[in-house]
Amino acid sequence: MLRRPFPTPPAALRRGPFRRGAFTSALRSPRLTSHLGLLLAVAFGVCFLTGLLSHAIQHPPDWFWWPARPVWLYRVTQGLHVATGLASVPLLGAKLWSVYPKLFAWPPFRDLAHALERCSVLLLASTAIFQLVTGILNIARWYAPMPFGFVAAHHWTAWLAVGALLVHVAVKLPIVRRALSRTPRAVPTDGLSRRDLLAAVGATAAVVTVATVGQTVRPLRDLSVLAPRRPDTGPQGLPVNTSAAAARITVPADFRVTVTGPAGRHAFTVADLAALPQHTVSLPITCVEGWSADARWTGVRVRDLMAMVGFVDGSVLVESLQQDSPYRSSVLAPPHAHDDLTLLALRLNGEILHPDHGYPCRLIAPNRPGVLQTKWVTALTVVPS
Ligand SMILES: Nc1nc2c(c(=O)[nH]1)N[C@H]1C(S)=C(S)[C@@H](COP(=O)(O)O)O[C@H]1N2
Ligand SMILES: [Mo]
């Protein structure tokens, strides 16, 4: 029996996208798909690694160690995470456009290997879309469409995406090699050329980047029309993530900061803290959501406070007046706990801390995600590490 080289779907299905010649663009080619795929692989790779790093800093496994210097390192890695994620949106859109006619290829599965390969592509496309959508919802702080824990979902889906990506790269590498080594076939069109299309996609990614990266790259802030935050808006010239009202903070009249260590416990009023040697440091707040902003902080060195209760080594648990929030406490690992720049800050840019920035006192430490810069601090406790 003769096998037809291009099987066609049954007559009832030979319509719409299934009919022969349904997709007419001469721009689609393995070469275009390969170029877009390479760009996307680089963007996703950087996004994945910087994302893993951010996750490890916030949920450190035993073997993990993150330095306190340089003070700007997390600002760069998290800026890259959000910027590569956003630039991936037009890249992924174009890539999916370049291959989506394959969705209607007939037969849907030729054999088991083909079926598995198609499933891995489906997994890759859906996890990639999920990551970009949830990432954007998170930086927009719009949680209603996410009836699940963002952090866990975004983290575990990243592993699925990267697994599917590795399979995809392994399967397609020969095709990519062939497509990129051949001299490109001239496209028989007098409209857009393939080069124009790639340039347009690249330009869109560049515009998305320039229109958002000003949330962390200060000189570009005036161009930052698409960024959810500007680094210079908010009380005392600094954005606020959770306001004192949202965190339901009331500072009690007998407010104290309790400092506990191997040599005992001290309770400090705000006046006691202000009477201790004060230090001023310039450090950024770097939110995981991609914005960052520099500020001048004044307060007591955490190291000095902890020395009064016999702190020699270990970590420091920092606790807030705030209740019922995953951000109500954080841990200062040894590099940060011992760093000169780590303060229990009482002032921001010369003024008493605004309630939304953590009045009476907040933690500020170098090279640390914003979520770990605990506000409304009421207890510091040495913990073995
Ligand atoms: N207690 C407490 N501290 C907190 C938060 C919080 O929700 N509760 N938010 C954190 C986050 S996500 C960031 S980015 C910084 C922002 O500090 P800012 O509002 O002073 O700019 O505070 C951190 N400290
Ligand atoms: Mo944040």
Side-chain angles (χ1 to χ4, degrees), residues 50-51 54-55 57-59 71-72 74-75 77-79 81-82 85 135-143 149-151 154 215-216 218 221 227-252 255 257 281-299 302 316-332 336 342-381:
T50 50
S54 181
H55 196 266
I57 298 168
Q58 291 170 67
H59 310 273
V71 301
W72 45 261
Y74 183 75
R75 189 178 215 183
T77 65
Q78 193 61 11
H81 179 69
V82 175
I136 289 170
L137 289 173
N138 186 57
I139 65 178
R141 308 192 51 122
W142 187 24
Y143 297 101
F150 164 77
V151 173
H154 200 66
Q215 62 181 337
T216 185
R218 220 178 152 76
R221 69 182 183 280
R229 294 303 179 89
R230 280 180 57 114
D232 53 358
T233 48
Q236 300 174 326
L238 189 71
V240 169
N241 235 23
T242 311
S243 67
R248 282 182 282 130
I249 301 296
T250 39
V251 181
F255 176 81
V257 177
V281 302
S282 283
L283 285 179
I285 290 266
T286 305
C287 184
V288 297
E289 291 153 23
W291 61 268
S292 75
D294 288 299
R296 225 159 17 85
W297 308 92
T298 305
V302 167
V316 174
L317 173 69
V318 182
E319 289 173 280
S320 171
L321 283 174
Q322 186 182 12
Q323 302 296 318
D324 311 321
S325 160
Y327 310 128
R328 67 166 305 279
S329 70
S330 68
V331 172
L332 282 165
H336 295 84
T342 301
L343 301 186
L344 186 62
L346 302 169
R347 292 176 169 268
L348 164 54
N349 292 335
E351 297 169 14
I352 302 273
L353 277 179
H354 186 280
D356 291 345
H357 288 306
Y359 175 84
C361 55
R362 67 114 29 102
L363 181 77
I364 184 79
N367 195 27
R368 199 167 151 84
V371 286
L372 303 182
Q373 310 279 33
T374 311
K375 303 195 274 195
W376 313 292
V377 170
T378 190
L380 297 171
T381 308

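Whatever order the structure lists ligands and atoms in, that order sets their numbers, starting from 1. Values below: all heavy atoms of this structure, side chains included; hydrogens, waters and symmetry mates excluded.
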Take Thr374 and Ser320 through the side-chain hydrogen bond (donor to acceptor under 3.5 Å, both in side chains) test and state the conclusion after the steps.
CA-CA 7 Å; Thr374 311; Ser320 171; over 6 Å; no
Those atoms of ligand 1 less than 4.0 Å from some heavy atom in [X]:
{"X": "Trp376", "answer": "1 (N), 2 (C), 8 (N)"}
{"X": "Val371", "answer": "10 (C), 11 (C), 12 (S)"}
{"X": "Tyr327", "answer": "1 (N), 2 (C), 3 (N), 6 (C), 7 (O), 8 (N)"}
{"X": "Thr374", "answer": "3 (N), 24 (N)"}
{"X": "Ser320", "answer": "1 (N)"}

Quick check: [X] and ligand 1, any N/O pair under 3.5 Å apart?
{"X": "Thr242", "result": "yes"}
{"X": "Ser325", "result": "no"}
{"X": "Trp291", "result": "no"}

Among all protein heavy atoms, pick out the one at the shortest distance from [atom]; state its residue, atom name and that distance to 0.1 Å.
{"atom": "atom 3 (N) of ligand 1", "answer": "Lys375 N, 3.0 Å"}
{"atom": "atom 20 (O) of ligand 1", "answer": "His357 ND1, 2.6 Å"}
{"atom": "atom 2 (C) of ligand 1", "answer": "Gln322 OE1, 3.1 Å"}
{"atom": "atom 24 (N) of ligand 1", "answer": "Gln373 O, 2.9 Å"}
{"atom": "atom 16 (C) of ligand 1", "answer": "Ile285 CG2, 4.0 Å"}
{"atom": "atom 11 (C) of ligand 1", "answer": "Gly370 O, 3.5 Å"}

Check whether any side-chain heavy atom of Trp291 sits under 4.5 Å from a side-chain heavy atom of Ile285, and report yes or no.
yes
State, yes or no, whether a side-chain contact exists between Leu348 and Arg362 at a heavy-atom distance under 4.5 Å.
no
Let me confirm one number: the [atom1]-[atom2] distance from [X] to [Y], rounded to the nearest 0.5 Å.
{"X": "Thr50", "Y": "Tyr74", "atom1": "OG1", "atom2": "OH", "value": "9.0 Å"}
{"X": "Cys361", "Y": "Trp376", "atom1": "SG", "atom2": "CH2", "value": "12.0 Å"}
{"X": "Leu363", "Y": "Glu319", "atom1": "CG", "atom2": "CD", "value": "12.5 Å"}
{"X": "Ile249", "Y": "Lys375", "atom1": "CD1", "atom2": "NZ", "value": "9.0 Å"}

Closest candidate by heavy atom, reference atom 14 (S) of ligand 1, pool Cys287, Gly234, Ser292:
Cys287
Only heavy atoms count here, so choose which of Asn241, Asp356, Val318 is nearest to atom 12 (S) of ligand 1.
Asn241
For Arg368 and Ser330, test the side chains for any donor-to-acceptor distance below 3.5 angstrom and give the result as yes or no.
yes
Atom OH of Tyr327: over 12 foreign heavy atoms under 6.0 Å
no
Can you check whether Ile352's main-chain N or O pairs, donor with acceptor, with Gln236's side chain at less than 3.5 Å?
yes
Give the contacting part of Arg362 toward ligand 1: side chain, backbone, both or neither, where contact means a heavy-atom distance below 4.0 Å.
side chain
Contact check, Pro239 vs ligand 1, heavy-atom distance below 4.0 Å:
yes
Chi angles and distances behind the side-chain hydrogen bond (donor to acceptor under 3.5 Å, both in side chains) call for Thr286, Ser292:
CA-CA 4 Å; Thr286 305; Ser292 75; 4.8 Å; no
